[in-house]
Amino acid sequence: MSTFVLFDLEFTSWAGALEQGWSAPGQLREIVQIGALRIGDDYSVVEEYEVLVRPVVNPELSPYFTDLTGVTQEMVDREGIAPAQALGDFLGFCQGQSALSYGNDMVVIGENLGWARARGEEVKHGFLGTSFSNVRPWLNSAVPETASANVGRLWEVLGLPKPAAGREHSALFDCYSFAAAIKHLSVTGTAPLPGAFR
């Protein structure tokens, strides 16, 4: 059975950071949470991956980030792992398959890989073996009502049942929202996922 990966990230943020493009001094997009699902030919979830990551430059999460994601400082301090380990584990999960995001999350992966390597940390599994694609432009073009929705609200915009326990802006929940949308659009023939993405 062939599979592909859907993934989502939550990364350090502050009030106004998105609008300002994380341009304020010290505001880096350090990954705090990675969620990913391996999806089968029939669009069912074959396997899931989730991890919390301890940011290095900004180890203290902002209240804005915690309010947005529900990820607390205590959770990251207790369960978070080093960025290089998290990135290596995630790339291992991808197994060189296509990895799809609803946005340019692959750019944030690249930034975090660069910072880890600049610190002299080893990241297992190669970045280049995986084919990363941002499917948001395709999806928004095929189904215009999704254009204003974040990934965690796709299920709601499409009138689907809530796909999993949890909330939007939690990486794994957002993946389930993404998967529900892709499955619905493909199975109904509304906007089948192009083979080029898999």
Side-chain angles (χ1 to χ4, degrees), residues 1-13 22 26-41 43-61 65-66 69-136 151-152 164 166 169-179 182 193 195-198:
M1 171 177 65
S2 64
T3 61
F4 61 96
V5 171
L6 301 179
F7 77 99
D8 185 69
L9 308 174
E10 302 299 334
F11 42 84
T12 50
S13 191
W22 282 264
Q27 288 190 354
L28 303 179
R29 298 186 295 188
E30 293 181 274
I31 297 171
V32 178
Q33 189 180 49
I34 304 173
L37 297 174
R38 189 178 322 288
I39 305 296
D41 291 331
Y43 299 97
S44 64
V45 174
V46 175
E47 187 179 3
E48 65 179 42
Y49 173 82
E50 183 180 32
V51 70
L52 288 173
V53 187
R54 292 190 309 269
V56 174
V57 176
N58 294 290
E60 297 295 320
L61 302 178
F65 176 86
T66 294
T69 65
V71 176
T72 66
Q73 189 69 48
E74 180 184 358
M75 290 165 63
V76 169
D77 291 345
R78 184 181 65 243
E79 302 168 32
I81 64 175
Q85 181 184 346
L87 290 163
D89 290 349
F90 167 66
L91 293 172
F93 178 83
C94 290
Q95 297 178 351
Q97 298 173 316
S98 294
L100 312 182
S101 60
Y102 186 75
N104 284 318
D105 286 15
M106 73 286 291
V107 174
V108 178
I109 294 277
E111 291 171 349
N112 282 259
L113 280 169
W115 298 327
R117 289 180 174 145
R119 291 189 296 263
E121 299 166 6
E122 179 189 1
V123 178
K124 294 183 180 178
H125 306 287
F127 180 64
L128 299 178
T130 298
S131 172
F132 287 91
S133 297
N134 171 10
V135 300
R136 183 169 189 161
V151 68
H169 298 299
S170 171
L172 193 60
F173 176 83
D174 287 356
C175 288
Y176 274 98
S177 173
F178 191 14
I182 293 290
L193 185 66
F197 287 135
R198 289 186 268 164

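Residue numbers run from 1 in the order of the sequence given. As the structure is a computational prediction, the values presented were derived from the model and not from experiment.
- Asp174 contributes no side-chain N or O that, together with a main-chain N or O of Val151, makes up a donor-acceptor pair within less than 3.5 Å.
- To the nearest 0.5 Å, atoms CD (Glu47) and OG1 (Thr3) are separated by 8.5 Å.
- Thr12 contributes a side-chain N or O that, together with a main-chain N or O of Leu28, makes up a donor-acceptor pair within less than 3.5 Å.
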In a table with atom names and distances, give each donor-acceptor pair under 3.5 Å that connects a side chain of residues 78-91 to protein atoms at least two apart or in another chain.
{"from": "Arg78", "atom 1": "NH1", "to": "Glu74", "atom 2": "OE2", "distance (Å)": "3.3"}

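- Rounding to the nearest 0.5 Å places CG of Asn104 at 10.5 Å from OG of Ser133.
- Thr66 and Gln73 share no donor-acceptor pair across their side chains, judged by distance under 3.5 Å alone.
- The side-chain contact (heavy atoms from CB on, under 4.5 Å) test with Val53 is passed by exactly one of Asn112, Val76, Leu9, Ile31: Ile31.
- Side-chain atoms of Glu30 come within 3.5 Å of backbone N or O of Val57 as a donor-acceptor pair.
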Working note: Thr72 + Leu61, criterion side-chain contact (heavy atoms from CB on, under 4.5 Å); need CA distance, chi angles, decisive distance, verdict. CA-CA 7 Å; Thr72 66; Leu61 302 178; 5.9 Å; no

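- Annotation: side chain of Ser13 is in contact with side chain of Trp22 (closest heavy-atom distance under 4.5 Å).
- A heavy-atom distance below 4.5 Å is found between the side chains of Leu172 and Leu37.
- In this structure, Val71 and Glu10 have side chains that are not in contact, with every pair of non-hydrogen atoms separated by 4.5 Å or more.
- Here Phe178 contributes atom CZ and Arg136 contributes atom CZ; the two are 10.5 Å apart, rounded to the nearest 0.5 Å.
- Aromatic rings of Tyr49 and Phe7 (six-membered ring for Trp) have centroids beyond the 6.0 Å cut-off, not under it.
- The backbone N or O of Arg54 lies less than 3.5 Å from no partner atom in the side chain of Asp77, so there is not a single donor-acceptor pair.
- Of the possible donor and acceptor atoms, one in the side chain of Arg198 sits under 3.5 Å from a partner among the backbone N and O of Leu193.
- Shown here for Ser98 and Phe197, the closest heavy-atom pair between the two residues is CB-O, 3.2 Å.
- Between the side chain of Asn134 and the backbone N or O of Tyr102, no donor-acceptor pair lies under 3.5 Å.
- Between Asn58 atom CG and Phe11 atom CZ the span is 13.5 Å, to the nearest 0.5 Å.
- Residue Arg38 holds its CZ atom at 5.0 Å from CD of Gln97, rounded to the nearest 0.5 Å.
- Here the CD atom belonging to Glu48 is positioned 12.5 Å from the CG atom belonging to Leu6, to the nearest 0.5 angstrom.
- Remark: the backbone N or O of Phe65 is paired with a side-chain donor or acceptor of Thr69 at under 3.5 angstrom.
- For Val46 against Gly40, the heavy-atom pair with the smallest separation is CG2-N, 3.6 Å.
- Of all non-hydrogen atoms in Thr130 and Ala99, the two that sit nearest each other are CG2-CB, 3.7 Å.
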